[in-house]
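Before any comments, here is the structure.
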Amino acid sequence: MIDLEILRNHPEILKNEVKKRGLDVDIDSGITMDKKRRSLIFEVEKIRAEKNEASKHIPALKGDQKKEKIAEMKQLNKKLELLEQDLNQLDRQFFSHMAHYPNISHESTPLGKDENDNVVVYHKGEKPQFAFTPKNHIALGRKLDILDDQRPAKVSGARFVYVKNEGALLEFALVQYVLNLLVDKGFIPMIPPTMVKQEAMYGTGFFPAEKTQYYKTEMDDLFLVGTAEVPLCAYHRDEFLPADDLPIKYAGFSTCYRREAGAHGKDMGGMFRVHQFDKLEMFIFSHPRNSWEQYEKLRAVVEEIMTNLGLHYRIMNMCTGDIGNPNAKKYDLEAWLPGQQKYRELASCSHDTDYQARRLNIKFRDGKYKDYVHTMNSTACAIGRTLIAIYENYQTKEGHIQIPRVLKPYMRGIETIKPK
RNA sequence: GGAGGGGUGGCAGAGUCUGGUUGAUUGCGGCGGUCUUGAAAACCGUUGAGGAUUUUUAUCCUCCGGGGGUUCGAAUCCCUCCCCCUCCGCCA
């Protein structure tokens, strides 16, 4: 949600933003609706005031005078009813139109059309060198029986996997390692609900823009979240957060569900692009005053995790055409996957300024001053893809996989994953 | 799933049967002040959110779990949904 003040007093900012992102949103019709809506509100409230005034006097009236007044009010109600109907309809139109407005991007977000215009900020770590041709995670995983992407066809269909044996152990090692690191940094560990109401999806900005990407339950009108960002953000819906408590930092673990609509044929096989995966997500509610500093710190945390796991990656500054509607800025962390000989997205770190806070009505109070909080989120560890990166980067000539140093304490003494 | 009870302002808790000037009594908490070396206590004052008009000042509207209805008028009456509590059933 955007501040209405921008629409009313600086519509050119919004129009420019829509253009920068290559969106098709008609700001002018929004302006027209808003004007009409406000004049209707004025009319309606005038009549209500008249009614309220009359109600005060009616009990004191007697006989014909009273009958007359009541009859008069009946007439007035008919008029009011019509106006209210118009207003309700217009309100609905206006707000569903507004729901498509994007956030205002940060000045440091590069202008661009699509993923090709994203900017490499820097590389971190060393690209691992292999004296042999490295395999991809699918070959490795099947051979070592730590990943089954075949049998899910019988059970669930395409784009599902069974994570098996040391693979499963490695997931819990990752969770333990990362969660401990985050708790040490002051993040509050959370296991949120993964089924949420439609309002949570709208509030976080995933709806209406990306509605086709998510699963809905048949009987209960609940949606399966694509990330813990949704329940973590909506957790404080309709609340005032004391300024002294900010920033509030959560580390949420959840399964994530994505329909991957429109991704036909992309990344088939293995577990790079699946309908279900587990993820540790960081979410921060911040004072607007220092939210951009918080944001850079947040990026540094994911980087620390990836670095400690010994992964080589690059940080991308995502362009206006490739960030989500709620994002003012977004970094992607792309790790090097030797099996693919490509950098692939492992984490993404977004600053949504007050966009989600407005939609979910989350404010802070600092003495008498009150305002919307800023929200930001970042992947801490997307388990599936991180497993892929570990498999491919830690593989040996024999097709074994070594356990990254920091995960060893959680691996029951296993140092290397070998064929059974 | 069955039976019963309940959802009111930051919290507690009246008001609902008997609809009318009640955005709502009261207590606590918060804020400001008096007093005090300071603090506490006491006393005085103040204290919700959102919206429209407006340069300011100010005026007005909406909100008593959500939605709908009855009425000139609803926190109060009716319908419906949701949530919480107690008991029973079922269950990881």
Side-chain angles (χ1 to χ4, degrees), chain A residues 1-10 30-99 191-203 216-223 231 234-246 248 253-255 285 354-373:
Chain A
M1 189 69 63
I2 219 68
D3 187 351
L4 272 180
E5 191 269 339
I6 297 177
L7 179 71
R8 288 169 187 172
N9 301 328
H10 304 285
I31 296 172
T32 310
M33 276 189 259
D34 181 49
K35 277 191 182 143
K36 198 168 162 202
R37 196 176 67 91
R38 282 195 285 169
S39 81
L40 263 177
I41 289 171
F42 187 76
E43 290 297 311
V44 164
E45 290 190 351
K46 215 166 63 180
I47 294 178
R48 284 190 189 145
E50 195 180 331
K51 274 182 64 175
N52 290 344
E53 189 59 26
S55 293
K56 283 183 198 169
H57 300 303
I58 284 178
L61 297 177
K62 292 264 187 300
D64 285 348
Q65 251 190 331
K66 188 166 187 170
K67 280 182 187 156
E68 250 173 57
K69 198 70 189 172
I70 288 173
E72 197 184 309
M73 287 303 108
K74 276 188 181 177
Q75 283 307 113
L76 197 59
N77 269 344
K78 282 182 191 158
K79 195 172 154 193
L80 179 63
E81 207 173 312
L82 291 175
L83 284 173
E84 280 177 335
Q85 273 171 18
D86 290 352
L87 180 58
N88 283 339
Q89 199 191 340
L90 193 54
D91 258 348
R92 274 200 300 275
Q93 266 176 29
F94 178 64
F95 286 108
S96 64
H97 177 258
M98 278 256 309
I191 302 169
T194 53
M195 298 167 79
V196 300
K197 297 181 186 181
Q198 176 156 280
E199 289 89 327
M201 297 301 283
Y202 268 99
K216 183 182 185 220
T217 62
E218 172 90 29
M219 310 291 286
D220 301 287
D221 289 337
L222 289 170
F223 293 83
Y235 183 63
H236 286 299
R237 179 183 174 187
D238 290 324
E239 289 184 24
F240 274 93
L241 307 175
D244 290 344
D245 292 357
L246 300 176
I248 300 176
F253 172 84
S254 84
T255 300
F285 296 89
D354 61 359
Y355 191 88
Q356 295 179 320
R358 281 181 189 282
R359 289 188 170 212
L360 285 166
N361 189 32
I362 305 170
K363 299 176 177 176
F364 69 93
R365 203 192 304 267
D366 194 352
K368 283 216 156 190
Y369 181 74
K370 51 187 198 249
D371 197 0
Y372 292 100
V373 296

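To find a chain, count down the sequence lines: A is the first, B the second, and so on, and within it residues start at 1. Because only heavy atoms are used, hydrogens play no part in the values below, and waters and symmetry mates are left out as well, while side chains stay in.
Base-pair partner of C87(B): G2(B) (Watson-Crick or G-U wobble, both distances under 3.5 Å). Figure legend. U18(B) is base-paired to no nucleotide; pairs are counted as Watson-Crick or G-U wobble with both atom distances under 3.5 Å. U34(B): Watson-Crick or G-U partner is A42(B), with both key distances under 3.5 Å. Shown here, G29(B) forms a base pair with U47(B); the pair counts as Watson-Crick or G-U wobble because both key distances fall under 3.5 Å. The partner of U59(B), taking Watson-Crick or G-U wobble pairs whose two distances both stay under 3.5 Å, is A52(B).
Ser254(A) places no side-chain N or O within donor-acceptor distance of the main-chain N or O of Pro192(A), the cut-off being under 3.5 Å. Judged by distance alone, with hydrogens and angles left aside, the side-chain atoms of Arg359(A) form a donor-acceptor pair with the main-chain N or O of Ala99(A) at under 3.5 Å.
Comparing the same atom, P, in C44(B) and in A49(B) gives a spacing of 25 Å after rounding to whole Å. The same atom, C1', is picked in C79(B) and in G23(B); the two are 26 Å apart, to the nearest Å. Separation of the C1' atoms belonging to G2(B) and U8(B) is 29 Å when rounded to the nearest angstrom. Here the separation of G32(B) from G68(B), taken at their C1' atoms, is 45 Å to the nearest Å. Comparing G89(B) with C82(B), their P atoms sit 24 Å apart, to the nearest whole Å. For the C1' atoms, the distance from C17(B) to U54(B) is 45 Å, rounded to whole Å. Spacing between G4(B) and U62(B) at atom C1', rounded to whole Å, works out to 35 Å. Straight-line distance between the P atoms of U21(B) and A75(B): roughly 10 Å, to the nearest whole Å.
Comparing Ala49(A) and Lys74(A) along RNA chain B, the residue whose closest nucleotide (by nearest heavy atom) sits nearer the 5' end is Ala49(A). Between Glu45(A) and Met73(A), the residue anchored closer to the 5' end of RNA chain B is Glu45(A), taking for each the nucleotide with the nearest heavy atom.
Look at Arg8(A) and you'll find a side-chain N or O under 4.0 angstrom from OP1 or OP2 of A52(B). When the side-chain nitrogen and oxygen atoms of Asn77(A) are compared with OP1 and OP2 of G73(B), one or more of them lie within a distance under 4.0 Å. Remark: Arg48(A) is not in phosphate contact with C60(B), judged by side-chain N or O atoms under 4.0 Å from OP1 or OP2. Put simply, Lys370(A) has a side-chain N or O that comes within less than 4.0 Å of OP1 or OP2 on G50(B). Phosphate contact (OP1/OP2 of G48(B), side-chain N/O of Arg365(A), threshold under 4.0 Å): absent. Residue Asn52(A) places at least one side-chain N or O closer than 4.0 Å to OP1 or OP2 of C61(B).
The side chain of Lys51(A) sits closest to G73(B) out of C61(B), G73(B), U53(B). Checked against U62(B), G73(B), A52(B), the side chain of Ser55(A) finds its nearest nucleotide in G73(B). For Phe240(A), taking side-chain heavy atoms from C-beta onward, the closest of the listed nucleotides A49(B), G73(B), U62(B) is A49(B). The side chain of Lys363(A) lies closest to G50(B) when the candidates are G50(B), A52(B), C61(B). Across A49(B), U53(B), G20(B), the shortest atom-to-atom separation from the side chain of Ile58(A) is found for G20(B). Side-chain proximity of Ile70(A) to the nucleotides C61(B), A49(B), C72(B) is greatest for C72(B).
Contact check on Lys216(A) versus Asp221(A) returns a salt bridge, with a Lys/Arg side-chain nitrogen under 4.0 Å from an Asp/Glu carboxylate oxygen. Ion pairing between Glu84(A) and Arg48(A) holds under the 4.0 Å rule for side-chain N and carboxylate O. Ionic pairing of Glu72(A) and Lys69(A) is present here: one or more N-O contacts between side-chain nitrogen and carboxylate oxygen are shorter than 4.0 angstrom.
Within 6.0 Å of CD in Glu199(A) there are more than 12 heavy atoms belonging to other residues, nucleotides or ligands. With a 6.0 Å radius and a threshold of 12 heavy atoms from other residues, nucleotides or ligands, Phe253(A) has its CZ atom above the threshold.
A straight line from CD of Glu50(A) to P of U62(B) spans 13 Å, rounded to a whole angstrom. Rounded to an integer number of Å, the gap from CG of Asp238(A) to P of G10(B) is 12 Å. Atoms CD (Glu81(A)) and C1' (G69(B)) sit 11 Å apart, rounded to a whole Å.
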